[in-house]
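Remarks on the structure that follows.
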Amino acid sequence: SNDLGLDRGALTGSRIVKFERTGPRLLMVQPNYRFRALTDNPAEARTVTDAFARSVLWAFPIGATTAGRVLVDFTEFLVRDANEIAGRLRPGSYRFEAGRSSVYMPMTTAFPKNTEMEAELTFVRQPAGAGGPGGAGPGGGGRGGPGGQFFEGVGSVAATAEAASLRVHHSIVELPDAKYKPRVFDPRSGFGEMSFVNYSAPLGSPMTQRFIRRHRLEKKDPSASVSDAVKPIVYYLDPGAPEPIRSALLEGARWWNQAFEAAGYRNAFRVEMLPDGVSPLDIRYNVINWVHRSTRGWSTGGSVADPRTGEIIKGVVTLGSLRIRQDYLIAEGLLSPYKTGDETPPELREWGIARIRQLSAHEVGHTHSKVYDVGIGEWDKAAIIFGYQDFPAGTDEPRALVQILDEAWKRDLRYMTNQDLGVNPRVDQWSNGTDPAVELTRMMAVRRAALSNFGEQAIRRGQPLAQMEEVLVPLYLHHRYQVEAAASAVGGIHYIYAMRGDGRQPLKPVPAGDQIAAIDALVQTVKPSELALPATVLKNLPPRPSGYDPHRELFPRYTGSMFDAITPAVVAADLTISLLLNPARAARLVEQHALDHTLPGLDAVIDRLVAATFKAMPANRYEAEIARATQRVVVEHLMTLTTESPMSQVRAIATWKLRQRIGLGTVPADSGDGAHAQLLAADIKRFLERPSAPIPRMEIPSAPPGAPIGEPAMDWLRWTEIECSDAGSGS
């Protein structure tokens, strides 16, 4: 379940431990590696060890002793809720039940350098828990009004909500030898970092030491420009992945060998099928897991790494099986391919398979290629060269590493992460092109054309017509990620991970023309004509039949079982309006206008939104109702800015716009506009007079889940860390 966050094969943390005998007990101790003294002076090292506490994790009673070895019982250590799973199980209250838990012997075994142990743990719902079997309340599959979201609780995924039994695996692993050489971290490299504080660092040098996380890789012939590896990096694919998905996953992950070849290694990165009988949790195997969930969710990468050096011990990639089905759904909406209703259009399969190849490569090492290209990207090669390039003896390695990144810069290859989302218009998820405003305009045209052709040809013959809504949702919100990209230009900054001495401009505001173009493109998305659904769609979407219950992937509705023609427009408009009136963006707009009056300020952006919504010219009564709904969304977000923005000037401008700039006019009292205008004016007046008093506020309906869907691949300027995959590029 995505809502519970418990995945098959997921990592839950790793640590270095040592065992110490103390009288009749054996202690499992975790040393503190976050604070160190890298020195030859034992007394200096001891001052750091004594200053920062270690952790005694467990005490085992010693059952027997033979020739210096001790026998202990691990059962109590294994059969417990070490990961605090009980607190994550909802709805209701769950407790760990030791009497229904046991060591799982099929996955408990020993090897020369690792011991693998597993336990099946049972968690029991308490009588006082909310809901009941199957779940009422927040976990029972209901939606709390049009703004609520479905919650997949224990009862939705376990055999029964009364008791859920999960298996938890532990690996006790011999540490790697000391021959691995750490490599210094550079934020521009694309690698994840591990760090610690070195209290013996010379004065004037940084105390925090940072290294990249990567696999150990050595050439058989260090003198050769291209050599086989002493021990290749091997990832093993879950045999549970079916064909043709299996072949696509193998192919995509194997692309990484191209990057290692560029770094001077021959056949150094391999992807094979996991052998029969091998657990994907066995520490000796880097794995690509094919994971099923009750609802779609992220595919991720993670690792077990040595906290002393950053060496990756085990890579774990988790690929959600529903992702390809969502891509298939997007293709159905864009193409409406079922002319007779019985076809199996090959382009849909090709679309999904191309995407799954990219997903495999991305999560194994975070590829940055163009969408649907075959092969690794140019940035990936540069990153692997940085992480794995061997240097001849006597080389100034830090200088050589900087030269690698300088060469990448000359080819316009740059690296940034999702911490830069929403601020730097060159950093966006699932965004096409290099001009976000131009691409948003193009994408709206694609959306408009696909909606005009949308109808029963989007689903197969024999499906209930109500299921057209599943296909309609991602099509109607097709532009949602490009809206985010365009909004990042408004109050945005072009910046890089600048280093002193690199001679590059660290930052500059997005030019006024680009910001205005982005604002123009964004306000077009809230026009009633863009938000109105085609009449052919509304005439053919009946209520859902028995057996086809509502779920989170549908639009919320005020209309009961009937499809709601207005709420999708509110959802889509809110995507744009909430981004433009985001408190942090509002503060940046105030500041940039103060520093450079040619750049748009917050008041100008609000004026554009007000004009686009309050001065819209609806073509019919349906569009007029949409216009009134979007006007309410603007007012609600202005109210939020006046009370929740940490910047006083943002609150001041938002208050002023509510008071002075929203002209509601005078219209006949019996018209829809008149009723809307009177209520809006009264609500604004009450809010301004008593902003802290509870007054009726509109609950803006939440959009159906977005990520992870949409344009899937991210090139070198459009990359995001999810949970970092440590294979390949190490990031």
Side-chain angles (χ1 to χ4, degrees), residues 11-22 26-40 42 45-46 48-49 52-60 68-72 74 77-78 82-83 107-118 168-185 191-198 200 209-218 229-236 278-287 301-316 387-388 724 726-727 730:
L11 298 173
T12 56
S14 59
R15 56 189 76 189
I16 289 181
V17 299
K18 62 181 181 178
F19 294 92
E20 298 177 358
R21 182 172 182 175
T22 302
L26 185 72
L27 303 182
M28 178 189 285
V29 179
Q30 180 182 350
N32 193 334
Y33 281 100
R34 288 184 294 170
F35 308 97
R36 312 180 201 174
L38 303 183
T39 175
D40 295 329
R46 188 169 57 251
V48 177
T49 302
F52 301 100
R54 68 179 192 167
S55 299
V56 177
L57 303 177
W58 200 260
F60 300 92
R69 294 176 297 158
V70 298
L71 177 68
V72 300
F74 250 80
F77 175 83
L78 298 174
N83 297 300
M107 290 299 173
T108 299
T109 186
F111 303 95
K113 294 188 176 183
N114 61 299
T115 299
E116 305 294 325
M117 298 176 287
E118 194 159 307
V168 175
H169 194 90
H170 297 260
S171 295
I172 307 293
V173 188
E174 182 184 67
L175 285 171
D177 60 40
K179 296 179 180 179
Y180 173 84
K181 182 183 177 182
R183 179 153 290 181
V184 173
F185 170 75
F191 279 78
E193 59 92 22
M194 57 79 57
S195 62
F196 61 90
V197 180
N198 178 18
S200 62
Q209 306 287 300
R210 294 180 173 89
F211 299 125
I212 65 173
R213 288 181 282 111
R214 61 173 182 166
H215 290 278
R216 182 183 301 207
L217 195 64
E218 302 169 299
V230 173
K231 183 179 180 181
I233 301 168
V234 183
Y235 270 68
Y236 293 90
V278 173
S279 168
L281 297 169
D282 190 323
I283 195 71
R284 298 172 298 171
Y285 296 86
N286 304 303
V287 293
S303 70
V304 177
D306 188 337
R308 304 170 302 172
T309 62
E311 179 184 359
I312 293 173
I313 310 301
K314 176 185 177 69
V316 176
Y388 290 92
C724 301
D726 300 294

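Looking at residues two or more places apart in sequence or on another chain, you find a ring-ring contact (aromatic ring centres under 6.0 Å, His included) between F35 and F52. Among residues two or more places apart in sequence or in another chain, the ring-ring contact (aromatic ring centres under 6.0 Å, His included) test is passed with Y285 by Y236.
Distance alone, capped at 3.5 Å, is enough to place a donor-acceptor pair between the N286 side chain and the G315 backbone. A donor-acceptor pair is defined here as one N or O able to donate and one able to accept, closer than 3.5 Å; such a pair exists between the side chain of T108 and the backbone of E118. Looking only at distances, no side-chain donor or acceptor of T309 sits under 3.5 Å from a matching main-chain atom of P182. The main-chain N or O of R54 is never found under 3.5 Å from a side-chain atom of N32 such that the two would form a donor-acceptor pair. No donor-acceptor pair under 3.5 Å is formed between the side chain of K314 and the backbone N or O of V287. Formation of a donor-acceptor pair under 3.5 Å by the N198 side chain with backbone atoms of L38 is found in this model.
Among all heavy-atom pairs drawn from A59 and L27, the shortest one is CB-CD2, 3.7 Å. Smallest separation of non-hydrogen atoms from I212 and G387: CD1-CA, 4.0 Å. The nearest pair of heavy atoms linking R214 to K181 is NH2-O, 2.6 Å.
Remark: the E116 side chain and the S171 side chain contain an N/O donor-acceptor pair separated by less than 3.5 Å. Side-chain contact of Y180 with R308: a donor-acceptor pair under 3.5 Å is absent, judged by distance alone.
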F77 vs H170, ring pair (Phe, Tyr, Trp, His ring centres under 6.0 Å): CA-CA, chis, key distance, verdict: CA-CA 10 Å; F77 175 83; H170 297 260; 5.4 Å; yes
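How far NZ of K18 is from CG of L57: 12.0 Å, rounded to the nearest 0.5 Å.
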For residues 172-179, which side-chain N or O atoms pair as donor and acceptor with protein atoms under 3.5 Å away, sequence neighbours left out?
residue: D177; atom: OD1; partner: K179; partner atom: N; Å: 3.0
residue: D177; atom: OD1; partner: R216; partner atom: NH1; Å: 2.7
residue: D177; atom: OD1; partner: R216; partner atom: NH2; Å: 3.1

